[in-house]
Structures are given as structure tokens and as C-alpha cells.
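Structure, as C-alpha cells:
The sequence lines fix the lettering, A, B, ..., with proteins before strands; numbering per chain opens at 1.
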There are 4 protein chains.
Amino acid sequence: MSRKSAILAAATDLFAEKGFNETCTAEIAARAGVAQGTLFYHFKSKEGMLLEVFADVMGAYLHGQEQALQGAGDGRAALEEMLRFHFRFLQDNSRHLLVLIRDFPCHLLREDGPRRSQVREQLLAMIALLRTCLERGAHDGSLRVKDAHTTALLLRGLLSGLTRQQLLSPLDVPDLGEEAVAFCLEALRPDGLPAPLAP
Amino acid sequence: MSRKSAILAAATDLFAEKGFNETCTAEIAARAGVAQGTLFYHFKSKEGMLLEVFADVMGAYLHGQEQALQGAGDGRAALEEMLRFHFRFLQDNSRHLLVLIRDFPCHLLREDGPRRSQVREQLLAMIALLRTCLERGAHDGSLRVKDAHTTALLLRGLLSGLTRQQLLSPLDVPDLGEEAVAFCLEALRPDGLPAPLAP
Amino acid sequence: MSRKSAILAAATDLFAEKGFNETCTAEIAARAGVAQGTLFYHFKSKEGMLLEVFADVMGAYLHGQEQALQGAGDGRAALEEMLRFHFRFLQDNSRHLLVLIRDFPCHLLREDGPRRSQVREQLLAMIALLRTCLERGAHDGSLRVKDAHTTALLLRGLLSGLTRQQLLSPLDVPDLGEEAVAFCLEALRPDGLPAPLAP
Amino acid sequence: MSRKSAILAAATDLFAEKGFNETCTAEIAARAGVAQGTLFYHFKSKEGMLLEVFADVMGAYLHGQEQALQGAGDGRAALEEMLRFHFRFLQDNSRHLLVLIRDFPCHLLREDGPRRSQVREQLLAMIALLRTCLERGAHDGSLRVKDAHTTALLLRGLLSGLTRQQLLSPLDVPDLGEEAVAFCLEALRPDGLPAPLAP
DNA sequence: GATGAATGAGATTTCATTCAT
DNA sequence: TATGAATGAAATCTCATTCAT
């Protein structure tokens, strides 16, 4: 593993574990097994590391969501796939996902810059993916959706809120994946379609 | 206004505006119009200020939710009231709510201490309120709820996620209050109950 | 001596001795006998210290020059006083003067700021003083001056160049004060006026 | 152009533009179009680059002054040539001259070393040139000079001070070349010689 | 109760220089 | 001859907190 990826891995771990602010660059360097200066040879700044970590994790997540969307049948099935993928990703990569939701670099995105716009685009891409899925369902009658964009935002809020609660809550929160999937599908169920039998 | 409440007000504003880490105590003192030392006469530490700000805002929020719960008729109506109260609070007190969701003191709550347990209890109280509401609906048949605790957690996750998205997203997010209320009610609608007419 | 003036004194010494860039803040703190943080309690930045040191020394210098100008008789005598004062100041306060000419904060003055404009004004004040003196001499016939402003600039360049050479040259340079005074007076001697006898 | 001269050219530009301390080696390498390591293959250190840049510029300057001195008639004419050459050089090569006067490596010259003594010798050569000129004038009666060495130092101080003021002053300083030449010639004019007519 | 000067530990970042290739 | 990744020492500055008054 190259030094740069060692740094990236160390930063990902630490940002997830302790948060961006509480992680100091000396710690990242130590965990990556490189000198402090090496960090700044490979990245412009600590913030630059976060942005790159961010883009990487988001890239993997988006890739998975795209595949979930493509593989599925009707809109409802696609949505189910996407929701399930989210919670699977949460289980398998909780460390990585934590970076996304812990220090989502809100303030970083207000200003501009190449990395920044990349992250913003990824965020929009996720919403677009959800919208595509919802529009398909609206079209084929498998989902009841009034406004696809609004509903996409609603779903994204729900997913990120649940994930945040799961990973960061001081309370012990059980895995709400199945419940959440059922909740969403039910909320978007067309009138004619009967509720699925409980498992 | 006493010095202590001036400090609290200043801290609330700044924590909401810039976040806990980015706010320095000198700034709080300046905005409150007191000396830096005065901060530490009234509070044990900067973290202590956050905890108190937190408890205050959460107290007001909980108070409102309790009233919403008590005033309403059946479980479904009560839930609707609670959800609507949340988004009204978000509109009227976005600054304050921002403190709750921006720096939700996750790491602060892991350790113990008197203030810390207060905050944890408030968090539990909110979930209990939602559960009460859901149980009432389950009992009177106005809501379809399998497990009240799980659903309460789900609703809390949804609310906090949407609020976070609303207040912190780098994207322009419209007010999703109405959509969210409809979404939740629909998800919990009993089979027999017809969907409400669109407005 | 207050801590702030101790810092100022230490900074003056070190800036004169080693130059601004080669002096580190830890050294200033050590020599002033204060903690490093104290520097930044009293000054915004290291550059802020330089600016203040600068303004102080320049203030003392200007004060002396003003007195030299006021006390003298005709323009020629006034100029002589001013030139002599410069070289006396150079002898008595070489440490302080060194700060002025070593790190004359050229680049600092391009941008703006309250301190910066103070320094710029002091610089202009010095030139104005020289011009006043030259104009007086032009008026009373004791000096031959074509353009007072230009000549003032020329004299300032000469003085600072000589001072710089004196204090910073790697060569051993003798005190050129007397020579310089004679040189300047001779250069500005009106046609009618006989050259003074050599001492 | 060889790599080494590309480096030298880049260093000259940057040292003149931003000063020695504010120029970093990475920048020099980038502007020269070579790798950072290459800098240290050709030069012992960053300081070594400055010394070489210095010697080069000083060499060109001295060469011009020598020619000015040789080509002229009596001492007075020679001095005039030399002074004029200085200001012409200042106009044509302000970038290069800036290196000489901006970071005149005072502290560098205190210690020893082969390059260092070269620079010191060049400095002495310049003074010697001026002295030669003054002595010629003293001898042929075209200049009134009491002590040639002292006056040479005085002229050098004047020239470098004016140049510094011209190139680095935060104030807008007009070209003082003509004034300076006149000023010096007048200061050294023998009693019998009438002042030249104003142009 | 209130102050604000002082602290010192620690954070990020810079940069000349080295060295294996 | 040339490279460029890597270094680590050092520098400036921040900031929560303390304490004598």
C-alpha cells in the first residue's frame, strides 16, 4: 500500500472514530506510519484529507446505489433495493459511513473549490438516484409519489437521520433497517396495492 | 437579564451559528458583554455551557411536545400534532434547534456526570413521548404500529435527519414539513382507514 | 516594566540584532520573560509586534527631528541640525535605528490596516519635515533648492543608505556623519555663499 | 539554456520579486522547470543560490562601471558617467538590481567561505572604482575631494539608499537619477569651477 | 461576584534538504 | 545527471482555563 493510501486509510479510521476536529494530524501520521510532513506532501491541508476521504467513501456508496437501482425491476423493487443497500452498507462499512454522516462538511461546501464541487455533485447524484427510482415507480404505478424530488429529499433525510442515530446516538439503538424499509414502502404504497404480509 | 443568562444566550446563538468547535470562549464573552473569566465563574467549562444550552433548548422542545400530545384526540391526531409541532418549532426556533442537531454532544454523553444524565434522560423522554403516542394509536386503532419503541426510534431518526438536512445542507432544501407529516401518517395508516384526500 | 513593554523591548532588540525573519516568537518570549501565549495576548501577530516597534522608534526619531527643525535659525542651519541629529541618533540608538532600516516593512505597507497607515504617515512626516526645512532655506536664501520635495526624497535616500551601510555592511565603515553633513550642505550651497572653512 | 542557468534565472526573478526569505525552493524549481532535487544537485543550498545570483548581477554591474570609468575624460566626467550608469542600470535591470539591494546578504558575509569572499571582493571593487574616479578628479582638479575613500563610501551609501528607496519604498518615488547626479557633482565641485547652467 | 491578564499545551503547516533510484 | 517522495525540525498562532485582585 502506498504511503498516500496509508494516510487516507488512517484518516478515514480516525475521522470516523473521533471526528474531524478531535483528530490531529500528528495522530494520522502516526497511525499511517509516516512523518508529519508527508501528510502535507500528499494533501494540501487537513481539510483536503477530509474532502478526499469523503469523496472516496461517497464514491463507493454511490456506486453501490447505482447498481442497486439498475438491477431491480419496477420502481418499488428498485426503491427497496436501494434502501436495503443503504442498511447493508451501514452494517458492512459502518466505519466509512460514519465519516460521511459525522463530519459532513457542511460549512466546507458553502465555499468553492474543485474538491468541494465534487462532493456537492455526489450529494446531488444521490438525490438524483432516489428521484429516478421514485419516478420509475410513479410511472409504472408501483409507487405513489406526488413530487419525486421532494420525496427523494425526504428519503435522504430519513436515511441519514437513522444512520446518524444508529452510529452516534448515546442510546443503544437496534438496527432499524427492516423497519425503515417497510415504513417507507408502506408510506409510498399505491391505494390499490395490498400491504405485504408480515414476515 | 442576569449575566448568566446573557452568557447562555450568547452561547446558544454562537453554537447554532458556527458550531461548538468553531466558537471560542472569547467570542461568547464578547457577545454576552462579560469578561472571559466570568464564563468560568458560572460554568465549569465550555462543554458545561453546551450541556446547559442543550438542556434548555431540549426542555422547551419537550414541553411543547408534551402539550401537543396532551391536547390531541386519538393516537393518530396526537402523532400529527407532535409532528406538526416539530416543524413549527423548526420554523420558529431554527436557531435553537440548530444547537440540538448540529453539535448533538454524542461523545459528551458517553461519559457520565450529572448534566450528562440529564440530557440522556431528555432524549429518552422524547422517545417515550413518541412511544406513548404510538401506543395510544395502536390501542385505539387509529395507527398501525407493530412495535411502538422501534417505530418511535424510527420517527425520531426521521425527524432529526430532516431537520439536519433542512438546516445544514449545502443544498437548498425546501420545507418538507407537510410532506413528512403526510409520509409518516400514511406509513402508519391502518388498512381499513382510507387515505385522506389531498388538500 | 509591564509585560507588554518587556515584550516590545525584547522584540526591538532581537529584530535589530537578527532581523525580523530570523527572530522567532519563542525567542522573544524567552527574552521578555513571559510565556509564548502572552505575546499573542498583547499583539495580534508577530508582524503586529514589528509594526508597533517600528512606530515607536520612528516616533522617537521624528520627535527629535521636529525639535531639531524648530530650534534652528535659517534653513541651512535647520538642515544641518537635522542631519546632525540623524547621525547622533544613529550613534546613540543604533540598535533602534537598525530596526527601522533593517526590516523596513516595505511589503507590509502595500496593504492596508490601521498600524500600516500609521507607519506610512510617519514616513511621509519625515519627508515633510525635510521639505519644510528645504523650503525655509530656499526662501531665506540659505539653501539652493530647485524642487524641495525631490530634494527631500534625495536626502532621505542618502541618509537611509548611509545608515544601512554603517550598520549592516560586512565592511568596516567609519562614521561618515561629518562627511555627509558637509557633503549635503555643499551640494545645496547657494552660489554667493562661500564654502565654510575646513575645521 | 542549461538547467543550471534556468535555475539561476528563476531564482533571480523570484528573489527580486519576493525577497529571499519569502521565496521557497519549490517555487524556484517550478519556475525553472526542474525537480526540487535538481536544485541541490547544482547548488549546495538555497543560500548558495543567492550567493551565485548575487555574484552574477554584481559582476555585470561592475563590468559596466569599469567601462564607464575607462571611457571618460577627467575625474568629474568619469564620476558623472559612473553615476549615470548606475541609474541607467537601475532603469534597465531593476529586477536584477533589486536582488542586490533587497537581500544584500549582510549576515551571509559575516562568516567565511569561497563565495562569500567573492562577494566581499566585489563590494570592495565597487568602492575602489569610485575611489579611483575620485582620486583622478582630485588630481586633475575637476573634483574637490578631501578623502577619496570616505567620499567613495559616502557615494556608495547614497546610491544604494536611493536605489532602495526607488525600488522598495511603499511611497511612489519618482526617478531621482538626474537630481542625484547633479547633487553629487555640485557637492564635489571645486571652488573655481562655475556651476553648470540649469538644463 | 467579576475581572482580564497570563498561561502553556497543542495544533496545523512550511520548507530546506536528503537519498534511493 | 536528475528526480521527487519523504522527512522532521521549527514556526506561528489558538484557546480553554486559571488565579490574583
### Query
Is it true that the NZ or CZ of Lys46(D) lies under 6.0 Å from the centre of Phe15(D)'s six-membered ring and within 45 degrees of the ring axis?
no
### Query
Checking all strands, does Thr23(C) fall into the base, sugar-phosphate, or nothing category for heavy-atom contacts under 4.0 angstrom?
sugar-phosphate
### Query
What integer distance in Å separates Leu50(B):CG from dA16(F):P?
13 Å
### Message
Using the salt bridge (Lys or Arg N to Asp or Glu O under 4.0 Å) criterion, which residues pair with Arg31(B)? Sequence neighbours excluded.
### Response
Asp13(B), Glu17(B)
#### Entry: Most 5' of Phe40(B) and Lys44(C) on DNA chain F, judged by nearest nucleotide
Lys44(C)
### For DNA chain F, the residues among residues 26-39 of chain D that have a non-hydrogen atom under 4.0 Å from it
Val34(D), Ala35(D), Gly37(D), Thr38(D)
### Query
Which nucleotide in the set dT13(E), dA16(E), dC13(F) lies at the smallest distance from any side-chain heavy atom of Ser45(C)?
dC13(F)
### Message
Going by side chain to side chain donor-acceptor pair (under 3.5 Å), name the residues that satisfy it together with Thr163(B), two or more places apart in sequence or in a different chain.
### Response
His86(B)
#### Entry: Sub-4.5 Å side-chain heavy-atom contact between His42(A) and Thr38(A)
yes
### Task
Please identify each residue that fulfils salt bridge (Lys or Arg N to Asp or Glu O under 4.0 Å) with Lys18(B), with sequence neighbours left out.
Glu27(B)
### Query
Taking only residues two or more places apart in sequence or in another chain, which ones pass side chain to side chain donor-acceptor pair (under 3.5 Å) with Glu121(C)?
none
### Task
Hey, which sits more toward the 5' end of DNA chain E by its nearest nucleotide, Ser2(C) or His42(B)?
His42(B)
### Message
Tell me whether Arg164(D) contacts the main-chain N or O of Ile101(D) through its side chain, where contact means a donor paired with an acceptor under 3.5 Å.
### Response
yes
### Message
Of the options dT13(E), dT3(F), dA6(E), whose atoms approach the side-chain atoms of Arg3(D) most closely?
### Response
dT3(F)
### Query
Does the side chain of Thr25(B) get closer than 4.0 angstrom to OP1 or OP2 of dA16(F) through an N or O atom?
yes
### Query
Between Gln118(C) and Ala55(C), is there a donor-acceptor pair closer than 3.5 Å when you use the side chain of the first and the backbone of the second?
no
## Note on the structure
Given Watson-Crick and G-U pairs under 3.5 Å, DNA chain E in dot-bracket ([ ] crossing, | other strand) is .||||||||||||||||||||
### Query
Could you state the CG-C1' distance from Leu51(B) to dA16(F), rounded to the nearest angstrom?
16 Å
